[in-house]
**Q** 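The structure is given below, and queries will be raised subsequently.
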Amino acid sequence: MCAWMNPNDNILRIRLTEMQYAKAFIERGNIKFSTPESWVKYAESHGDGRGDAYEGTLAFCHCLDYERFLELEQKYSPTTILNPNARELTKKVYKQRVLFKDKRSMQLPCFCLYVMKITSFTPPQKAGKQRLRTSIPGSYFKDFVDNKSEDEVSKLPQPEQPALIVIENFEAFLSRLKKKLFSLGIQENEILVSYTSYFDFEKYGQTGWYDFQQKYPKELFVKNSRFIDQSEGRIIINTKKPDVIEALSKPIDLGNMSDIAQLIPGYYPEGIDIELTASIISEK
C-alpha cells in the first residue's frame with residue numbers, strides 16, 4: 001500500500017482579499033484581525049457570504065419554544081456564581097430562532113484563512129511520482145464579492161479587485177505573527193489556532209434546537225455548513241486586555257512576506273484547479 005500524509009496536514013493556506021490589501025500583505029506583512037460580531041453585522045447588511053449570522057452561536061432554539069429557551073438561558077446566564085457555564089449572553093432572533101451567544105467571544109480578534117488539507121486530494125493508489133489534483137470551488141470567490149457578476153467585478157477600482165494571497169509556508173507565517181503578538185503583550189496560550197468544523201443548522205428542522213456545549217471561546221471554531229466550501233482555519237486571540245483588543249482593531253505589520261507567499265490577482269467564479277507533483281512511497 002502507499003504511505004499517505006496525516007489527513008490534518010495542509011498544503012497551502014490561502015486568503016482572498018482586495019488587491020490593495022494583498023499587496024500590503026506581501027510587501028509589509030500587513031494583516032487586519034476582524035471580529036465575529038463584524039461578520040454578523042455584514043450578514044445583516046449584505047446577506048450570507050462574507051458574513052454569517054450564525055457566527056459564535058452557543059446554542060439555539062425556536063423562538064416559541066419557551067421551555068427550551070428557559071433551559072438554555074438558565075444554563076448559560078450568569079444567574080449564580082456557582083454556575084460553571086455562566087457567560088454574559090447576547091440573544092437575538094434570526095429566522096424565528098433565538099441564537100445564544102457569548103458577548104465577549106463576539107468581540108475577540110479573529111483571522112481566517114482557506115486551508116487546503118491533504119484530504120482535498122484523492123489518495124494515490126500506487127507508489128512513485130504522481131500528479132495530484134484538487135480545486136477551490138467557485139462559491140468561495142462568489143461569496144467574497146457578494147455574488148457580483150464578472151462584469152460588475154471588472155468595473156471595480158483596481159485596488160478593490162479580488163486577489164489571492166497564497167501562503168506557502170504557514171509555519172513561518174505563524175512564527176512571524178506570534179512574534180508580533182508577543183510584542184503586544186499576548187501570551188502563547190492566548191493564541192488559538194484550529195481548523196473550523198461545520199454544522200448543518202437545518203439538521204433538526206425549523207423548530208429544532210441544539211446546544212453546541214463548547215467551552216469558551218471554542219464555539220468560534222464552529223460554522224454553518226453552508227460555508228463548508230470556505231474550508232476555514234482560524235487564529236483567535238483570547239484576551240481580556242482592552243489595550244490588546246484596541247491594538248488589534250487596527251492593521252498590524254509582520255514584515256515582508258515575499259519569501260513565503262505570493263499574490264495571484266483575479267476573480268475566479270468557476271473556481272481554480274490545483275495540481276501538484278508528489279513522490280509517493282510504497283509501504284510494505
Side-chain angles (χ1 to χ4, degrees), residues 33-113 115 143 189-228 230-242 244-245 248-249:
F33 281 83
S34 297
T35 66
E37 183 62 33
S38 70
W39 297 325
V40 170
K41 289 180 179 178
Y42 194 92
E44 291 172 348
S45 300
H46 301 86
D48 285 342
R50 294 172 72 175
D52 176 12
Y54 285 115
E55 283 287 355
T57 299
L58 279 170
F60 66 88
C61 66
H62 192 269
C63 61
L64 298 181
D65 188 349
Y66 301 117
E67 180 180 354
R68 194 65 60 187
F69 175 87
L70 292 174
E71 178 184 317
L72 293 171
E73 185 176 50
Q74 185 175 20
K75 174 179 178 180
Y76 287 112
S77 292
T79 52
T80 68
I81 297 176
L82 297 177
N83 182 0
N85 302 300
R87 304 169 77 155
E88 186 178 358
L89 292 178
T90 64
K91 289 164 281 190
K92 181 174 285 190
V93 176
Y94 175 69
K95 293 185 177 179
Q96 297 188 308
R97 290 186 174 129
V98 180
L99 307 181
F100 294 79
K101 303 184 182 186
D102 184 292
K103 186 174 182 180
R104 183 172 154 241
S105 286
M106 298 301 289
Q107 303 302 321
L108 292 180
C110 300
F111 187 74
C112 304
L113 292 165
V115 181
D143 278 346
N189 63 2
E190 294 176 316
I191 305 171
L192 309 181
V193 183
S194 181
Y195 299 123
T196 298
S197 62
Y198 294 89
F199 174 82
D200 182 4
F201 277 78
E202 307 305 323
K203 184 176 181 179
Y204 300 108
Q206 182 63 46
T207 58
W209 69 277
Y210 195 77
D211 181 359
F212 290 97
Q213 303 188 58
Q214 294 288 324
K215 292 183 179 180
Y216 172 88
K218 296 294 182 66
E219 71 272 16
L220 299 181
F221 290 112
V222 179
K223 278 187 67 70
N224 189 348
S225 58
R226 176 257 184 264
F227 299 96
I228 196 168
Q230 295 183 3
S231 188
E232 272 191 25
R234 290 186 167 182
I235 301 170
I236 297 173
I237 311 305
N238 181 19
T239 180
K240 295 181 179 179
K241 301 172 185 174
V244 170
I245 296 288
L248 293 182
S249 68

**Q** Looking at Lys41 and Glu44, does any basic side-chain N land under 4.0 Å from a carboxylate oxygen?
**A**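 Result for this pair is no, no salt bridge flagged.
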**Q** Give me the atom names and distance for the closest heavy-atom approach of Phe33 to Ile235.
**A**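 It is CE2-O, 4.0 Å.
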**Q** Restricting to salt bridge (charged side-chain N to carboxylate O under 4.0 Å, His left out), what partner residues turn up for Glu88, sequence neighbours left out?
**A** Lys103
**Q** Would you mind reporting whether Thr57 and Tyr210 have side-chain heavy atoms less than 4.5 Å apart?
**A** no
**Q** Verify the distance criterion only: is there a donor paired with an acceptor across the side chains of Tyr54 and Asp48 at less than 3.5 Å?
**A**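 The criterion, which ignores hydrogens and geometry beyond distance, is not satisfied for Asp48 and Tyr54.
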**Q** For Phe69, check ring pair (Phe, Tyr, Trp, His ring centres under 6.0 Å) against everything at least two apart and list the hits.
**A** Phe100
**Q** Under the side chain to side chain donor-acceptor pair (under 3.5 Å) test, which residues partner Lys101, sequence neighbours left out?
**A** none
**Q** Leu220 and side chain to side chain contact (heavy atoms under 4.5 Å, CB included): which single residue from Thr35, Leu108, Asp102 fits?
**A**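 Answer to the side chain to side chain contact (heavy atoms under 4.5 Å, CB included) test with Leu220 among Thr35, Leu108, Asp102: Leu108.
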**Q** With a 3.5 Å distance limit and no angle check, can you tell me whether Arg50 reaches the backbone of Tyr42 through a side-chain donor-acceptor pair?
**A** no
**Q** Which residues satisfy the side chain to side chain donor-acceptor pair (under 3.5 Å) test with Asp143, sequence neighbours excluded?
**A**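 Here the qualifying residues are Arg226, Gln230.
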**Q** Side-chain contact test, heavy atoms from C-beta onward, threshold under 4.5 Å: evaluate it for Val40 versus Met106 and give yes or no.
**A**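 Touching, per the 4.5 Å side-chain cut-off.
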**Q** Compare every heavy atom of Pro109 with every heavy atom of Ile245, then report the nearest pair and how far apart it is.
**A** CD1-CD, 3.7 Å
**Q** Name all pairs fulfilling the side chain to side chain donor-acceptor pair (under 3.5 Å) condition that reach into residues 198-207, sequence neighbours left out, sorted by first residue then second.
**A**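 Applying side chain to side chain donor-acceptor pair (under 3.5 Å) to every pair that reaches into residues 198-207, excluding sequence neighbours, yields Arg97-Glu202.
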**Q** Just to verify, what does Ser105 make a side chain to side chain donor-acceptor pair (under 3.5 Å) with, not counting sequence neighbours?
**A** Glu219
